[in-house]
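Here the structure is laid out as structure tokens; the discussion comes afterwards.
One is the number of the first residue; the rest follow in order along the sequence.
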Amino acid sequence: MAAELTAHQLIAQHRPTLDLALETIRTRAYWSPHPEHPKAYGENGSLDTAAGKAAFDALSGTRLDLGQPGTDGWVGGEVSPYGIELGVEYPHADLDVLLPAMQAGQKAWRDAGAELRAMVCLEILKRIADRTMEFAQAVMHTSGQAFMMAFQAGGPHAQDRGMEAVAYAYVEQSRTPETAEWSKPQGKRDPLALTKRFTPVPRGIGLVVGCNTFPTWNGYPGLFASLATGNAVLVKPHPRAVLPLALTVQVARDVLTEAGFDPNLVALAAERPGEGIAKTLATRPEIRIIDYTGSTAFGDWLEANARQAQVYTEKAGVNTVIVESTDDYQGMLANLAFSLSLYSGQMCTTPQNLLIPRDGIRTDQGVKSYDEVTADLARAVDGLLGDDARANALLGAIVNPDVKARLEAASGLGEVALASREVANPEFPDAVVRTPVIVKLDGAKPEGEAAYTSECFGPVSFAVAVDSADHAVELLRRSVREKGAMTVGAYTTDPEVEEAVQEVCLDEAAQLSLNLTGGVYVNQTAAFSDFHGSGGNPAANAALCDGAFVANRFRVVEVRRPA
């Protein structure tokens with residue numbers, strides 16, 4: 001069957017977008033082709049909010065038949081953190097049939113070249129963007145994010161991250177020319193002359209192991225980095241968050257077919273309850289690349305055991321903010337309150353430890369004691385979340401029972417500066433919604449250290465009393481080195497303290513945000529400009545997104561012959 005999408009059409013439509021992305025990763029300026037306000041989606045002909053909700057609702061009670069080879073049954077059973085059953089079934093794959101079928105399409109995909117692969121990837125992203133509101137509902141009801149966050153993080157921001165990966169993949173593959181004429185002088189004899197051809201070749205099948213909290217935002221970089229570099233991609237979603245990635249696979253397969261490629265270059269591996277196929281998949285010889293976001297324990301297992309694959313992991317860390325001094329006390333409190341509250345702290349970038357000198361901090365409102373700072377921060381969180389409607393819009397729902405258990409246990413770890421409370425959600429009465437807890441700990445006591453040096457994922461933060469700024473910097477260094485950190489923040493008006501914090505973050509490869517008091521928060525990063533993680537500390541072995549994230553997904557093979 002002839003391709004419905006020709007190379008010429010794809011290049012004409014998407015090359016200008018790729019060029020803008022390439023320029024932006026060079027300048028690190030702000031740019032996004034994907035609007036992050038819902039109103040834009042009614043105005044540009046895409047699905048508006050109501051139509052997206054209707055499309056999502058229509059999926060209930062259906063089988064998402066992807067037409068994959070080797071389907072040996074159907075699986076489902078997702079229940080939204082908001083309390084509704086999704087009611088969608090997905091194909092269960094016989095891997096011995098599916099994986100060879102995926103390999104069969106790689107030759108034509110390899111031979112297509114870096115530019116055409118990038119264009120096909122951008123068409124996939126465009127089709128996803130056209131269904132942003134439907135995807136937002138799917139992300140909301142699998143992750144527990146509130147709608148606006150699910151729309152932004154699961155929609156345009158995830159699409160930006162996918163496009164960023166495509167841009168980096170194109171840069172790295174284009175670094176070597178396709179051909180070269182080589183001539184070596186031989187004095188009086190004729191020169192030695194060769195014609196050389198260089199071809200980026202894929203490693204093999206890439207495996208994307210999805211996470212529960214950010215299925216698209218964390219899934220798209222690896223998916224598109226592997227696909228753009230010539231690899232087939234098998235997507236293994238988290239059992240509680242299948243739908244967003246299953247829809248992604250559906251779109252990718254449609255576009256690949258229309259562009260004349262084998263749709264089995266992208267496939268889904270949904271699992272039966274308790275099946276736990278990630279370990280089985282991760283050690284199959286056909287799997288040559290793995291992208292994983294999730295617990296440290298399984299990330300460490302992958303790095304140790306998936307020896308046949310190039311493994312990219314984003315695990316977990318203990319994110320720290322040093323609060324030493326500020327010239328905008330109210331702005332600091334408001335910024336921190338939002339950062340602690342957003343999505344109930346269920347982000348790998350949410351601050352956990354707030355290191356505050358026990359003798360207090362200098363502010364534009366005079367010296368504030370440790371107790372005053374913690375009490376004022378508690379009031380700021382209370383004020384932010386005092387209205388239940390606003391609280392629901394910021395907090396979303398608790399994603400799983402483990403997070404709820406950690407939240408409830410945290411109050412026994414020390415003096416509670418801010419108690420968590422239940423928030424009713426009138427639209428979804430079965431949703432588990434909780435405000436954050438802030439616990440006061442002494443950084444000089446062993447019992448306090450045991451709590452704050454361990455990750456406590458969820459809406460739990462520790463206000464840790466430290467002896468001095470130097471003590472805070474020392475604790476920061478030890479924490480990042482031993483436990484890792486996706487983010488570090490600091491508030492200081494002292495140039496020497498700022499320099500000391502910066503040196504720690506440079507030494508330990510941790511991304512640092514200084515003195516944020518406005519509408520930018522430590523737990524948010526912008527594609528094309530900010531790096532998410534660094535790959536240089538235990539929290540993650542890769543950054544989203546840089547050249548190292550894509551360059552080892554392919555190798556360059558040379559063929560040379562006499563000129």
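- Salt bridge Glu508/Arg477: present, at least one basic N to carboxylate O contact under 4.0 Å.
- The aromatic rings of Tyr521 and Phe338 lie parallel to each other, with less than 30° between the two planes, well short of the 60° mark.
- Ring pair Phe147/Phe151 is parallel by interplanar angle, where below 30° counts as parallel and above 60° as perpendicular.
- At least one donor-acceptor pair closer than 3.5 Å links the side chain of Ser341 to the backbone N or O of Ala337.
- Formation of a donor-acceptor pair under 3.5 Å by the Ser344 side chain with backbone atoms of Ile398 is not found in this model.
- For the pair Asp160 (side chain) and Ala527 (backbone), a donor-acceptor distance under 3.5 Å is absent.
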His532 and Thr349: side chain to side chain contact (heavy atoms under 4.5 Å, CB included), yes or no, with the steps? CA-CA 9 Å; His532 176 76; Thr349 50; 3.6 Å; yes
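- Comment: Asp388 engages Arg421 in a salt bridge, judged by a side-chain N to carboxylate O separation of less than 4.0 angstrom.
- Between Lys440 and Asp371 there is a salt bridge, with a side-chain nitrogen of the basic residue lying less than 4.0 Å from a carboxylate oxygen of the acidic one.
- Ion pairing of Asp402 with Arg406 is absent here, as no side-chain N (NZ or NE/NH1/NH2) approaches a carboxylate O to less than 4.0 Å.
- Checked by atom type, the side-chain pair Asn319/Gln352 shows no donor-acceptor distance below 3.5 Å.
- Using modelled atom types, no side-chain atom of Tyr30 and backbone atom of Thr24 make a donor-acceptor pair closer than 3.5 Å.
- Met148 and Pro38 make their closest contact through CE-CG, 3.7 Å (heavy atoms, listed as atom of the first residue, atom of the second, distance).
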Glu303/Thr313 under side-chain hydrogen bond (donor to acceptor under 3.5 Å, both in side chains): CA gap, chis, key distance, verdict: CA-CA 8 Å; Glu303 290 171 5; Thr313 58; 2.5 Å; yes
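- Proximity of Asp327 to Thr363: side-chain heavy atoms (C-beta onward) are nowhere separated by under 4.5 Å.
- Between atom NE2 of residue His238 and atom OG of residue Ser143 there is a gap of 12.0 Å, rounded to the nearest 0.5 Å.
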For Asn353 and Val321: C-alpha separation, side-chain torsions, deciding distance, then whether side chain to side chain contact (heavy atoms under 4.5 Å, CB included) applies. CA-CA 6 Å; Asn353 295 337; Val321 176; over 6 Å; no
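- Residues Lys445 and Glu449 are not paired through a salt bridge, judged by the lack of any N-O separation under 4.0 Å between the basic side chain and the carboxylate.
- Inter-residue side-chain proximity for Leu514 and Glu498 is flagged as met; some heavy-atom pair is nearer than 4.5 Å.
- The side-chain contact (heavy atoms from CB on, under 4.5 Å) test with Thr435 singles out one residue from Leu394, Leu385, Leu407, and that residue is Leu385.
- Side-chain contact between Ser226 and Asp291 is present, with heavy atoms from C-beta onward closer than 4.5 Å.
- At distances below 3.5 Å, not a single donor-acceptor pair connects side-chain atoms of Glu499 with backbone N or O atoms of Glu496.
- Residues Ala169 and Ala228 come closest through the heavy atom pair CB-CB, 3.8 Å.
- Between Arg553 and Glu172 there is no salt bridge, since no side-chain nitrogen of the basic residue lies less than 4.0 Å from a carboxylate oxygen of the acidic one.
- Counting heavy atoms from C-beta on, the side chains of Tyr168 and Phe224 never come closer than 4.5 Å.
- The two residues Ile25 and Ala167 have their closest heavy-atom pair at CD1-CB, 4.1 Å.
- With contacts defined as side-chain heavy-atom distances shorter than 4.5 Å, the pair His141/Ile84 qualifies.
- Put simply, the side chain of Asn400 reaches to within 4.5 Å of the side chain of Arg240, judged on heavy atoms.
- Distance check, rounded to the nearest 0.5 Å: CD1 of Ile128 to CG of Leu247 gives 9.0 Å.
- Atom-to-atom distance recorded for Arg362:CZ and Asp494:CG is 6.0 Å, nearest 0.5 angstrom.
- When all heavy atoms of Ser295 and Lys315 are compared, the pair lying nearest together is O-CG, 4.2 Å.
- Between the side chains of Thr493 and Glu324, no donor-acceptor pair is found at a separation under 3.5 Å.
- Between the side chain of Asp364 and the backbone N or O of Tyr329 there is at least one donor-acceptor pair closer than 3.5 Å.
- Side-chain atoms of Leu86 and Ser80, non-hydrogen and from C-beta on, do get closer than 4.5 Å to each other.
- For the atom pair Met149 CE and Met140 CE, the distance stands at 13.0 Å (nearest 0.5 Å).
- A cation-pi arrangement is present between Arg28 and Phe531, with the terminal nitrogen or guanidinium carbon under 6.0 Å from the aromatic centre and inside a 45° cone about the axis.
- The two atoms that bring Pro237 and Val242 nearest to each other are CB-CA, 3.7 Å, heavy atoms only.
- Looking only at distances, a side-chain donor or acceptor of Gln346 sits under 3.5 Å from a matching main-chain atom of Tyr343.
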Decide side chain to side chain contact (heavy atoms under 4.5 Å, CB included) for Gln502 and Cys505; before the verdict, give the C-alpha distance in whole Å, the side-chain angles of both, and the deciding distance to 0.1 Å. CA-CA 5 Å; Gln502 183 171 294; Cys505 290; 5.8 Å; no
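- Contact of the Met163 side chain with the Thr17 side chain is registered, since non-hydrogen atoms from C-beta on lie closer than 4.5 Å.
- Looking at Asn515, its side chain does come within 3.5 Å of a backbone N or O of Thr492 through a donor-acceptor pair.
- Looking at Tyr370, its side chain never comes within 3.5 Å of a backbone N or O of Ile361 through a donor-acceptor pair.
- Between Tyr292 and Phe298, the ring planes are perpendicular. Angles over 60° get that label, and only those under 30° would be called parallel.
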Taking it one step at a time, do Thr132 and Gln159 satisfy side-chain hydrogen bond (donor to acceptor under 3.5 Å, both in side chains)? CA-CA 9 Å; Thr132 288; Gln159 294 153 21; 3.1 Å; yes
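- Looking only at distances, a side-chain donor or acceptor of Asn537 sits under 3.5 Å from a matching main-chain atom of Ala509.
- Here CG of Leu512 is found 10.0 Å from OG1 of Thr487. Values are rounded to the nearest 0.5 Å.
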Step by step, would you call Arg434 with Glu422 a salt bridge (charged side-chain N to carboxylate O under 4.0 Å, His left out)? CA-CA 5 Å; Arg434 299 287 189 275; Glu422 296 184 24; 3.6 Å; yes
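- Using a 3.5 Å distance cut-off with no hydrogens or angles, the side chains of Thr517 and Asn335 do not pair a donor with an acceptor.
- Atoms OG1 and CZ, on Thr296 and Phe457 in that order, are 11.0 Å from each other to the nearest 0.5 Å.
- In summary, the side chains of Tyr452 and Thr320 do not present any donor paired with an acceptor at a separation below 3.5 Å, with no hydrogens or angles considered.
- Here the closest non-hydrogen pair linking Val501 and Ala490 is CG1-CB, 4.0 Å.
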For Leu355 and Val323, what are the C-alpha separation, side-chain angles and deciding distance, and is it a side chain to side chain contact (heavy atoms under 4.5 Å, CB included)? CA-CA 6 Å; Leu355 306 185; Val323 181; over 6 Å; no
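- Taking 4.0 Å as the cut-off between side-chain N and carboxylate O, Asp382 and Arg379 do not count as a salt-bridged pair.
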